[in-house]
Amino acid sequence: MKKTLIDTNLQSKVYRGGKEEATQSYSTIRRGVDDAANKGRRMNANLYKDPTNIIITGVGGQGNVMASRVLAGMLVNAGFIVTIGETFGMSQRGGSVMSHLRVSSSSVLSPQIPQGRADIVIALEPVEALRVLTRYGNPDVAVLTNSRMVYPMGVITGDFTYPSLDEVRTMFEKLAAKSWIIDATSVAVDLGNPVLSNIVMIGALAGTSLLPIDRRAFEKEIAKSIPAGKHQINLTAFDAGAKMI
Amino acid sequence: MSKLLSPAKTEVLFMGNEAIARGALEAGVSVVSGYPGTPSSEVIERLSEVARERNLYVEWSTNEKVALEVAAAASFAGLRSMCVMKQNGVNVASDFLLHLSSSGTRGGIVLVECEDPGALSSVNEGESRYFARMLEVPLLEPASFQEAKDLTKWAFELSEKIRNIVILRSVTRMSHASGNVICGKLPEKFRTARFISDGSVMDPLRGPVVSTPVVIKHGLQQKKLQTAAGLFEKSPFNSYTGPKRPELLIITSSACFLYSREAIEMLGLQKRVGILKLSCTWPLPEKLLKKYLRLTDRIMVVEEVLPFLEENIKVAAMGMLKEIGMKTFYGKMDKTLPSAGELNPEIVVAALSKIMKVKPASLPAAYVKEIQKVAPKIPPRAQTFCPGCPHRASFWNINTALKLDGREGIVCGDIGCYAMASLWPEIGFHTVRTLHSMGSGTGLASGFAKLAAFGLDKPIMAVCGDSTFYHAVIPALINAQHNKADITFIVLDNAGTAMTGFQPHPGINESAIGDPLPSIDIAAICRGIGAKVAVSDPFDLEGTGKILTSFMAERGTLKVLILKQACALSPEKKGKKQFQVKVNEELCLGDHCGCNRLCTRIFRCPALTWDREKKKAVVDEVICAGCGVCYSICPQKAITRTEVAQ
Amino acid sequence: MVELSLKVKENSQKFLKKYVLDEGLCTGCGACVSICPYQVIYRDRTVQLHQCDLQDGNCSAFCPRTPADPAALRKMLFESADLTPEIGAVKGYYFSRAADPELRATAQHGATVTVLLELALSEGLIDSAVVSTRNQEFLQEGVIVNNTEAIRKNTGSKFTVSPTVAAFNRLVTKEAGNVGVVATPCQALALAKMRISKTEEFENKIKQLKLVIGLYCGWTLSVEKYTKLLLDKNITPESIRKMDIPAGKNVLEIFTDDGAKAIPFEEVQACVRDACQYCMDSTAEYADVSVGSARFAGSWEEVRQWNQLIVRTEKGKALVDLAVKKGVLEVRTAPEESLNELKAAAVNKKKNALKNIIRKSGSVKNLLYLDSRDPAVLKYLTKEVFNKKVK
């Protein structure tokens with residue numbers, strides 16, 4: 001990886017990686033493999049689309065943020081430039097949550113995916129998948145969703161109705177090029193903790209081969225980001241997910 | 001090893017706030033203080049995790065003003081220090097900030113303020129960049145994750161160079177977004193603190209640290225700003241990318257740079273539109289500005305919240321009119337861009353396509369039709385109190401007491417998760433009526449209580465959280481007690497700064513890095529000022545209700561009720577159920593007269609769902625936190641709870 | 001009238017709020033309380049805690065101040081030959097008192113209610129009784145009792161309203177068995193409405209109701225106003241042992257630990273609960289028997305020891321006959337003029353109520369919860385009442 005030393009006119013000497021930076025000219029931040037500044041960048045895999053825009057969605061408390069971090073970590077390890085956009089704080093409390101992941105071989109992208117530009121939607125909750133599709137979907141989008149429903153308060157109180165899983169499936173057929181619906185929560189509950197459903201989903205995502213990620217990449221990432229005592233259960237969850245596709 | 005301590009030259013995925021924290025570490029920061037607030041909290045959280053290894057003093061201070069004072073002391077003693085807060089915090093700290101910027105500083109000191117355009121996790125869209133202009137200090141705004149780190153480090157150097165504080169402004173989409181960052185070197189030496197003050201009052205490094213003689217020091221302060229402007233002219237953090245003769249020049253900063261760049265690409269305007277990205281936004285580097293303003297007649301300023309850059313650029317352009325000629329400006333002021341709410345790539349695309357007369361790509365019409373068919377079938381998902389949240393029980397109690405009292409009492413709200421009771425009234429049983437800055441609920445209550453003489457004779461209540469209590473409620477409470485304000489003041493003590501992630505506060509017996517500290521008892525403070533105090537468990541509906549109704553009946557004094565119950569997401573509670581909760585279907589009346597779904601329609605715990613086929617309430621075991629409060633409200637005793645052995 | 005009935009269908013709870021609570025018609029009987037979690041009684045006020053959206057709830061069906069079908073109620077409970085327009089069904093009208101002088105000494109008047117309740121219990125006609133009691137703060141509460149001692153502890157007039165029907169709703173479980181209730185006119189009406197509008201959930205409970213002993217009632221006092229009055233007079237509610245309104249003296253006598261005190265009647269009247277001025281029933285017309293204080297020529301000490309007793313139903317008659325047969329109740333035939341006096345007083349109350357109702361509604365066509373087609377109402381819609389229409 002080519003590195004250049006840049007003088008910041010104070011004490012700082014800033015190392016620049018072989019990738020675009022704000023301090024370099026615009027011509028070097030065009031996207032794609034011919035990006036001059038990124039020519040030396042080594043990726044150990046290819047994206048089927050560059051950049052790939054991924055949205056991970058769910059309900060506050062389902063482990064959305066953790067899933068996006070693990071997935072992004074795996075991709076960064078593989079040499080990609082990843083931008084994650086997410087919100088948390090009060091917006092997390094029982095509301096819809098969304099992480100935008102943008103994977104590129106050459107460019108830092110906006111932390112918000114533009115409308116209609118998602119490539120992959122991963123949902124820990126079915127209507128959240130639909131909600132994301134209606135804003136970010138396009139005829140080529142692929143969607144992978146957990147079938148476990150978490151009823152919004154308005155549905156519980158009876159002010160709104162929740163579509164059946166069959167209806168959800170039909171809507172996916174209209175709005176996505178590919179779709180998978182899996183019962184990740186049941187698998188996670190069987191493993192002893194419903195929160196593991198996010199890892200089951202990551203395993204399933206690996207199973208779809210939409211992204212250059214596999215078990216080894218997962219193992220490598222969790223070795224860094226998850227306490228050792230929890231490695232085995234997470235690996236089991238990942239494997240269970242991968243098998244569901 | 002913490003990711004924050006990754007070796008130099010390694011490339012890691014950092015959240016914007018982590019990049020800022022790493023930048024501070026690379027600058028050799030010694031003291032870090034702040035008050036939690038989304039989207040700023042992770043800067044201090046991450047630093048507290050490496051505090052021991054990096055010889056840092058990390059403090060969650062009582063409020064932002066105190067935090068800035070704590071950081072300033074370190075600067076006076078020659079250390080590098082950083083103070084972190086969200087946009088509102090700058091207002092709290094601003095009184096000291098004015099004086100600090102006048103007295104000047106010694107060791108590098110950076111005020112990191114994270115704003116929340118669109119108020120994703122705030123009750124305001126506060127804009128703090130004007131403080132830099134008003135208080136005459138430099139302002140930096142990183143536009144990428146790498147830059148968040150680099151610019152933070154540079155900010156310390158700049159501060160030390162000009163001997164004044166520097167403000168670094170981030171936004172939610174920077175602080176809470178993540179991206180690749182190549183780490184720099186961490187210093188191996190740590191500074192020692194020395195405070196010398198026996199020199200001349202005019203000696204910035206050896207004299208007393210004061211803002212007098214005011215006029216002379218004010219002049220010096222302005223010179224410092226000019227020095228900063230000089231550095232900004234040549235700073236690589238400001239850059240132009242684009243054609244030599246663009247048809248339109250976008251001037252932008254922060255996350256808006258990423259939106260603008262993406263918008264240009266989406267419209268394929270790379271050869272027609274240039275971007276001047278400014279990361280040093282106050283004082284403006286005027287020569288640099290002049291150079292790029294000359295390139296074209298049309299300028300669009302893309303920024304979030306208020307038109308700070310736009311105003312300053314327009315003023316600067318006026319001063320150089322002869323050299324640059326007349327310009328057409330687009331931005332917030334002419335409504336090309338929305339004047340409120342956050343921006344995103346589409347908004348910039350819309351503005352650009354209008355100016356450049358190009359059409360953005362659109363989805364196939366058939367697909368849009370399908371979206372229009374699906375959209376109405378998606379039930380909205382409003383925020384709500386979590387399963388097991390003590391606030392639900394507390395507001396249940398307060399609402400019941402208000403209704404029983406029957407005089408339509410007024411409840412003033414405050415900042416915390418419980419603010420949701422005023423933002424989405426139905427989740428707090430339509431109880432809270434006002435919501436402003438931290439501590440304001442109690443001040444407002446103190447005022448409302450004095451309006452009886454003018455015909456507003458109603459019971460007055462205020463609620464506040466435990467962290468808020470220490471932050472800004474105490475003066476208001478003393479005001480209420482001293483002025484004999486008849487209020488029932490309720491502390492929703494959930495044992496931590498819950499909304500922002502359980503940062504400790506003065507009521508908790510440990511520090512940011514887990515060292516033992518004495519806790520300051522809220523009840524003792526309230527008793528100390530002479531208020532009548534009671535403590536109750538909000539989950540004890542009957543006991544709490546009795547205290548509340550008796551407090552409301554007692555006229556003429558300040559009454560304090562502390563409702564103690566830890567947040568359901570708190571580390572000590574999370575994943576542990578006190579009770580196994582079940583619904584006995586035989587007994588559940590469902591939607592029949594006699595219950596009509598009290599638990600699922602009114603109590604609104606997300607873990608209590610409604611089985612439409614059976615027409616019975618069901619406990620969602622996966623998300624139930626096991627608080628058991630629903631057992632107490634079920635009129636049929638159809639909800640059973642059994643204690644879980646811990 | 002028709003319109004009102006339709007509105008009940010719309011949303012029972014809102015109807016109660018709009019047409020009963022907000023109109024000041026709520027008697028505080030407690031019929032809408034303890035049948036669901038939405039209404040409670042606090043002090044003597046009915047409070048709606050949360051919104052219920054049901055359309056045909058028991059709350060409005062049971063409320064004595066929502067429109068009812070009085071003809072159907074009377075048909076269900078009484079023999080048509082016994083019905084009088086002034087005081088409802090009358091099978092017999094007597095002066096009565098407990099045979100036991102000791103019992104009389106502890107009771108308000110002739111202890112007729114105590115005697116009848118005790119007898120009903122001991123004969124197994126009922127297994128328990130719902131009566132009202134008074135707590136420290138002067139608040140009335142209904143309790144369920146099943147022995148002599150408990151009954152005797154709770155005797156005596158309280159003059160504030162008791163949520164007795166709420167106590168019936170809450171305390172009458174399957175285990176309580178057959179139940180008797182001591183009820184004021186509004187409470188007796190609520191219990192009668194429960195019988196007619198019984199729902200699936202309520203059917204078993206209302207079947208347990210075997211006896212209603214009605215109490216004469218001219219008005220009740222608002223707790224808030226009355227406690228304030230007592231405080232003004234330096235009387236602590238806790239110290240009150242007994243209260244009475246002696247005939248012809250125009251005072252309320254209060255017997256406290258520190259001795260007797262008298263409060264001028266007009267001051268007491270200012271504390272009367274709003275709802276009571278719209279009530280047409282002073283003799284508890286929907287009870288099995290109704291009991292009040294006697295009024296006849298003689299010394300007050302003598303009169304005080306007697307009750308008036310109206311026997312209204314077969315069940316009531318059987319119980320009174322048994323009490324007389326067992327020698328626990330002394331009964332005298334009341335003179336005709338006494339009955340006439342009672343009727344005159346009852347008519348007066350009815351007319352006053354109608355006047356007040358018309359004044360409130362502003363139109364003779366709107367009688368609030370009453371139905372002008374009910375002969376017992378129509379009869380008293382006289383010119384004299386009409387003319388009071390607009391003040």
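Quick note on labels: first sequence line is chain A, next is B, and so on, each numbered from 1.
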With the side chain counted from C-beta on, respond yes when [X] and [Y] share a heavy-atom pair under 4.5 Å apart, and no when they do not.
{"X": "A/V108", "Y": "B/R261", "answer": "yes"}
{"X": "A/R148", "Y": "B/V622", "answer": "yes"}
{"X": "B/Y259", "Y": "A/P114", "answer": "no"}
{"X": "B/E262", "Y": "A/L109", "answer": "yes"}
{"X": "B/K373", "Y": "A/K174", "answer": "no"}
{"X": "B/K377", "Y": "A/T134", "answer": "no"}

If you look at every heavy atom in [X] and [Y], which pair is closest and at what distance?
{"X": "A/G116", "Y": "B/L363", "value": "O-CD2, 4.1 Å"}
{"X": "A/V141", "Y": "B/Y367", "value": "CG1-OH, 4.2 Å"}
{"X": "B/L13", "Y": "A/A72", "value": "CD2-CB, 3.4 Å"}
{"X": "B/R604", "Y": "A/M153", "value": "O-CE, 3.3 Å"}
{"X": "A/I156", "Y": "B/P606", "value": "CD1-O, 3.7 Å"}

Closest-packed option against chain A by number of heavy-atom pairs under 4.5 Å, given [options]:
{"options": "B/P379, B/C389, B/P345", "value": "B/P379"}
{"options": "B/E426, B/Q372, B/E342", "value": "B/E342"}
{"options": "B/I378, B/L231, B/L158, B/I602", "value": "B/I378"}
{"options": "B/R601, B/R597, B/E621", "value": "B/R597"}
{"options": "B/I623, B/D591, B/T609", "value": "B/T609"}
{"options": "B/G16, B/G274, B/P380, B/G575", "value": "B/P380"}

Would one find more than 12 heavy atoms of other residues, nucleotides or ligands at under 6.0 Å from atom NZ of A/K49?
-> yes

Residue, of [options], that accumulates the most heavy atom pairs under 4.5 Å with chain B:
{"options": "A/G73, A/S68, A/S110", "result": "A/S110"}
{"options": "A/G158, A/P194, A/G137", "result": "A/G137"}
{"options": "A/R135, A/M171, A/R131", "result": "A/R131"}
{"options": "A/V150, A/V189, A/V195, A/L75", "result": "A/V150"}
{"options": "A/L133, A/L130, A/L175", "result": "A/L175"}

Any donor-acceptor pair under 3.5 Å linking the side chain of A/Q112 with the backbone of B/N344?
-> no

Could you measure the distance from the [atom1] atom of [X] to the [atom2] atom of [Y]? Nearest 0.5 Å is fine.
{"X": "B/R173", "Y": "A/H100", "atom1": "CZ", "atom2": "NE2", "value": "7.5 Å"}
{"X": "B/R381", "Y": "A/E125", "atom1": "CZ", "atom2": "CD", "value": "4.0 Å"}
{"X": "A/I81", "Y": "B/F145", "atom1": "CD1", "atom2": "CZ", "value": "11.5 Å"}

A/V155 and B/R612: CA distance, side-chain angles, deciding distance, side chain to side chain contact (heavy atoms under 4.5 Å, CB included) verdict = CA-CA 10 Å; A/V155 170; B/R612 274 171 201 245; 3.9 Å; yes

Between B/A375 and chain A, which part of the residue has a heavy atom less than 4.5 Å away: side chain, backbone, both or neither?
-> both

